[in-house]
Amino acid sequence: MSAPLLTSLAEPDGDRPDALTVAGRSCSREALLGAAGAVAARIAGAPVVAVRATPTVETVTAVVGALLAGVPVVPVPPDSGPAERDHILRDSKAALLLTGPQGAADAGRHAPAGGAGSAGAPGPAAPGGAGPAPVETVPVDLAERAAWTGPEPDPKATAFILYTSGTTGAPKGALISRRAVAADLDALAEAWAWTAEDTLVHGLPLFHVHGLVLGVLGALRTGSRLVHTGRPTAAAYAEAGGSLYFGVPTVWHRVTQDPDAARALSAARLLVSGSAPLPAPVFRDLELLTGHRPVERYGMTETLITLSTRADGERRPGYVGTPLSGIRTRVAAEEGAEIGELQLTGPTLFDGYLGRPEATTGSYTEDGWFRTGDIAAIEPDGFHRIVGRASTDLIKSGGYRIGAGEVENALLDHPAVREAAVVGAPHEDLGQQIVAYVVADGVSEAELIDFVAGQLSVHKRPRKVRFLDALPRNAMGKPQKKLLPPA
Ligand code: MCA
Ligand code: AMP
């Protein structure tokens, strides 16, 4: 039989009452395992299960329950509007949606109204009149207990289907296997000297690799305590008193803007940044205020985390370190150039996009290396530097990956919008902010921002809208984003 994915849950000393804290509620590993066992018993045999990924103990329980039962998990952003949510549910064919309680942390537009076993969560119809995806909502009850005795699922089986944006069209479901998760977490534990002695603190969303795979499963595999702060605020990080902290660069920027909170992190062992480039000034301010040179690591939904600086190694502003154990990298540079596309192989890579063989094939080179779409350079000492992205149509805002095409399509669904072009403009706090250029009549900036926030996840909304008489186009009629006026 294969080794358990969540090693620490199988260990006997599970009665520490604060092993897991999410947004102020704590439980022991024993309690988590019992409640997750009850979830596993309810969903066993389902081909796939969606989880409304609020920052709650219920979400962690739902994910652990599905992993025990070997049912692939599709996390659904809790603030996603009908267009995004219905796409995820339909594309993944999830017929069950595990949800938490209807408390403050769980408030959202898609709270199922029918309670246990209600079919067809209500909500406005998706554009195009398809109507809400039919799904049975299953509430997670932390008071339920069951001992799960099923066998450990095959390591090759899918653990997660993670929806992630491309340059055009709707998000695709990346298939992440259990063995990829295990390989990545073990490589990170080695690079960061991450052990059961640590207390991990973060407040990142539980529907992406950073917050969910590293931030929850990492703690459950290494056995470290986990404090999820609900929201990733500087004050909450300071109060949590952890040894190991995760954040996206926007979070670290906000920590440096709150010097008292930053100083409180001096007692930590390691501060880790990832999901977007950490600006050199933020690196330096963090060092000045906390005494720590942050570890920076690089990854993608499709590859998990592949490069990092190390707990026992050098950390340099602007560099994401060296390949993790088992990962090989190369830079496909034109002759004479030092920079080019970063390509990867290794045990942490995904198993393709659900139902999209052409997109899967297109993400690999002919000789089988994954094409990241990021432009990088490798120094003679092996340190990697991410220079930028090959396509300006993939935006990183606050650490979230957002496809320009998805936001453009949402804008074009508004009856007043005739043309739309979306870009990521440099932004001190968010890295990039979404700016929309539209040709439209009789609609305000605020209305369009709210319209996108209502259709997609809230973080995909433009922060600014510029109204133009026409989009700049080339002789073929293709929009020329480079010719758009400054934001
Ligand atoms: C504002 N709000 C609105 C509107 N405007 N709601 C509806 N309609 C509107 N028009 C509300 C929001 O609901 C929210 O409410 C509040 O305003 C602020 O939301 P937002 O603007 O999103 O917050 P922010 O301050 O800009 O967020 C910064 C952040 C966030 C907290 C750093 O960007 C974040 O959590 N980023 C993490 C992304 C991440 O984990 N990426 C990892 C991808 P309320 O406050 O009540 O909720 S994985 C990856 O990249 C790879 C694998 C890797 O390497 O890790
Ligand atoms: P996502 O699929 O949301 O996981 O986003 C992956 C993308 O985030 C990568 O392709 C990079 O463009 C970016 N990214 C992640 N970590 C870093 C980092 N440390 N430095 C620069 N870019 C990063």
Side-chain angles (χ1 to χ4, degrees), residues 53-55 77-79 81 104-105 107-109 162-166 171-172 174 176 184 188 202-215 229-234 236 246-255 272-279 283 294-309 318-321 341-342 344 348 350 370-376 384-391 394-403 424 427 429-434 445-463:
T54 51
D79 67 345
R109 294 169 295 184
L162 298 178
Y163 277 80
T164 190
S165 301
K172 300 189 280 291
I176 312 292
D184 206 47
L188 289 172
H202 72 93
L204 298 168
L206 298 186
F207 44 86
H208 282 311
V209 166
H210 198 163
L212 180 59
V213 178
L214 274 61
T229 56
R231 297 274 299 172
T233 63
F246 292 170
V248 296
T250 301
V251 169
W252 292 122
H253 176 249
R254 293 178 187 184
V255 166
V272 183
S273 180
S275 303
L278 183 68
F283 184 110
V295 160
E296 188 167 1
R297 95 296 178 290
Y298 160 90
M300 283 186 85
T301 302
E302 291 88 338
T303 65
L304 305 183
I305 309 308
T306 49
L307 293 161
S308 185
T309 53
Y319 286 85
V320 294
E341 186 184 41
L342 179 66
L344 301 161
T348 66
F350 73 151
F370 179 77
R371 307 184 51 167
T372 65
D374 287 307
I375 306 300
H384 289 56
R385 180 163 58 92
I386 308 297
V387 179
R389 277 208 72 86
S391 168
L394 265 193
I395 299 166
K396 265 271 154 161
S397 185
Y400 285 115
R401 170 166 148 189
I402 300 150
H427 189 270
D429 182 51
L430 296 170
Q432 291 184 300
Q433 71 170 353
I434 300 179
E445 176 177 33
E447 280 169 333
L448 287 181
I449 291 173
D450 285 348
F451 183 75
V452 176
Q455 289 297 318
L456 308 177
S457 294
V458 169
H459 66 261
K460 294 181 178 172
R461 71 191 186 278
R463 306 279 171 142

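Numbering of residues begins at 1 and proceeds along the displayed sequence. Hydrogens, waters and symmetry mates play no part in the numbers below; they use all other heavy atoms, side chains included. Atoms within each ligand, like the ligands themselves, are counted from 1 in listed order.
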**Request:** Would you tell me which option among Arg401, Lys396, Met300, Arg297 has the nearest heavy-atom contact to atom 50 (O) of ligand 1?
**Result:** Lys396
**Message:** Can you confirm whether Lys396 sits close enough to Gln432 that some side-chain heavy atom of one is under 4.5 Å from a side-chain heavy atom of the other?
**Reply:** yes
**Prompt:** With atoms numbered from 1 as shown, which atoms in ligand 1 lie under 4.0 angstrom from a non-hydrogen atom of His210?
**Reply:** 42 (C), 48 (S), 55 (O)
**Request:** Please tell me if the side chains of His210 and Arg297 come closer than 4.5 Å, counting only heavy atoms from C-beta onward.
**Result:** yes
Contact table ligand 2 N or O to protein N or O, d under 3.5 Å:
residue: ligand 2; atom: 2 (O); partner: Thr301; partner atom: N; Å: 3.2
residue: ligand 2; atom: 2 (O); partner: Thr301; partner atom: OG1; Å: 2.9
residue: ligand 2; atom: 2 (O); partner: Arg401; partner atom: NH1; Å: 2.4
residue: ligand 2; atom: 3 (O); partner: Lys396; partner atom: NZ; Å: 3.2
residue: ligand 2; atom: 4 (O); partner: Thr301; partner atom: N; Å: 3.0
residue: ligand 2; atom: 4 (O); partner: Thr301; partner atom: OG1; Å: 3.0
residue: ligand 2; atom: 5 (O); partner: Lys396; partner atom: NZ; Å: 2.9
residue: ligand 2; atom: 8 (O); partner: Ser275; partner atom: O; Å: 3.4
residue: ligand 2; atom: 8 (O); partner: Lys396; partner atom: NZ; Å: 3.2
residue: ligand 2; atom: 10 (O); partner: Asp374; partner atom: OD2; Å: 2.5
residue: ligand 2; atom: 10 (O); partner: Arg389; partner atom: NH1; Å: 2.8
residue: ligand 2; atom: 12 (O); partner: Asp374; partner atom: OD1; Å: 2.7
residue: ligand 2; atom: 12 (O); partner: Asp374; partner atom: OD2; Å: 3.3
residue: ligand 2; atom: 12 (O); partner: Arg389; partner atom: NH1; Å: 3.4
residue: ligand 2; atom: 16 (N); partner: Ser275; partner atom: N; Å: 3.2
residue: ligand 2; atom: 19 (N); partner: Glu296; partner atom: OE2; Å: 3.1
residue: ligand 2; atom: 19 (N); partner: Arg297; partner atom: O; Å: 2.8

**Asked** So is Asp79 in contact with ligand 1, going by heavy-atom distances below 4.0 Å?
**Response** no
**Request:** May I ask you to check if ligand 1 and Arg254 share an N or O to N or O distance below 3.5 Å?
**Result:** yes
**Asked** Less than 4.0 Å between a side-chain N and a carboxylate O, is that true for Glu445 and Arg461?
**Response** no
**Message:** If we ignore hydrogens and angles and just use 3.5 Å, is the side chain of Arg385 paired with the main-chain N or O of Tyr319 as donor and acceptor?
**Reply:** no
**Request:** Would you indicate whether the side-chain heavy atoms of Arg254 and Asp429 approach each other to under 4.5 Å?
**Result:** yes
**Geometric N/O contact Thr250 with ligand 1, under 3.5 angstrom** = no
**Request:** Starting at CZ of Arg463, measure out to CD of Gln433 and round the result to the nearest 0.5 Å.
**Result:** 7.5 Å
**Item:** Nearest candidate to atom 17 (O) of ligand 1, where distance is taken over non-hydrogen atoms, out of His459, Lys460, Arg461
**Value:** Arg461
**Request:** Please work out which of Ile305, Leu304, Val458 has its closest non-hydrogen atom nearest to atom 3 (C) of ligand 1.
**Result:** Val458
**Message:** Would you say that Ile375 contacts Arg389 through its side chain, given a criterion of any heavy-atom pair below 4.5 Å between the two side chains?
**Reply:** no
**Request:** Over all heavy atoms of both residues, which pair between Ala376 and Ile386 is shortest? Give the atoms and the distance, please.
**Result:** CB-CD1, 4.2 Å
**Prompt:** So is Gly398 polar-close to ligand 1, meaning N/O to N/O under 3.5 Å?
**Reply:** yes
**Message:** Pairs of nitrogen or oxygen atoms closer than 3.5 Å, one from Val248 and one from ligand 1: do any exist?
**Reply:** no
**Request:** Counting heavy atoms only, name the option from Gly299, Gly454, Gly203 that's nearest to atom 51 (C) of ligand 1.
**Result:** Gly299
**Message:** Counting only heavy atoms closer than 4.0 Å, does ligand 1 sit against the backbone of Ala276, its side chain, both, or neither?
**Reply:** neither
**Message:** Over 60° means perpendicular and under 30° means parallel, so tell me whether His459 and Phe207 are parallel, tilted or perpendicular.
**Reply:** parallel
**Request:** Below 4.0 angstrom from a heavy atom of Ala453, which ligand 1 atoms are there? Numbered from 1 as shown, please.
**Result:** 8 (N), 9 (C), 10 (N)
**Prompt:** Does the N or O separation between Tyr298 and ligand 1 drop below 3.5 Å for any pair?
**Reply:** no
**Fill in**
Check: of Pro462, Ala446, Ser275, min heavy-atom distance to atom 42 (C) of ligand 1 comes from Ser275
**Prompt:** So how far is it from Thr348 OG1 to Met300 CE, rounded to the nearest 0.5 Å?
**Reply:** 11.5 Å
**Request:** Could you tell me whether the side chain of Ser275 reaches within less than 4.5 Å of the side chain of His208, counting heavy atoms only?
**Result:** no
**Request:** Using a 4.0 Å heavy-atom cut-off, say whether Arg463 meets ligand 1 through its side chain, its backbone, both or neither.
**Result:** side chain
**Asked** CG of Leu304 to CZ of Phe350: how many Å apart, nearest 0.5 Å?
**Response** 10.5 Å
**Item:** Result of checking Thr306, Asp374, Thr309 against Tyr298 for side chain to side chain donor-acceptor pair (under 3.5 Å)
**Value:** Asp374
**Prompt:** Taking the minimum heavy-atom distance to atom 18 (C) of ligand 1, which of His253, His202, Arg231 ranks first?
**Reply:** Arg231
**Request:** Would you give the length of the straight line joining atom CG of Leu278 to atom CD of Glu296, rounded to the nearest 0.5 angstrom?
**Result:** 5.0 Å
**Request:** Answer yes or no for Gly211: is there a heavy-atom contact with ligand 1 below 4.0 Å?
**Result:** no
**Prompt:** Would Leu342 and Leu307 satisfy side chain to side chain contact (heavy atoms under 4.5 Å, CB included), going step by step from the backbone distance to the final call?
**Reply:** CA-CA 11 Å; Leu342 179 66; Leu307 293 161; 4.0 Å; yes
**Complete:** Numbered in order shown, the ligand 1 atoms found under 4.0 Å of a heavy atom of Asp450 are 9 (C), 10 (N)
**Message:** Just to be sure I read this right, does ligand 1 sit under 4.0 Å from the backbone of Leu430, its side chain, both, or neither, counting only heavy atoms?
**Reply:** side chain
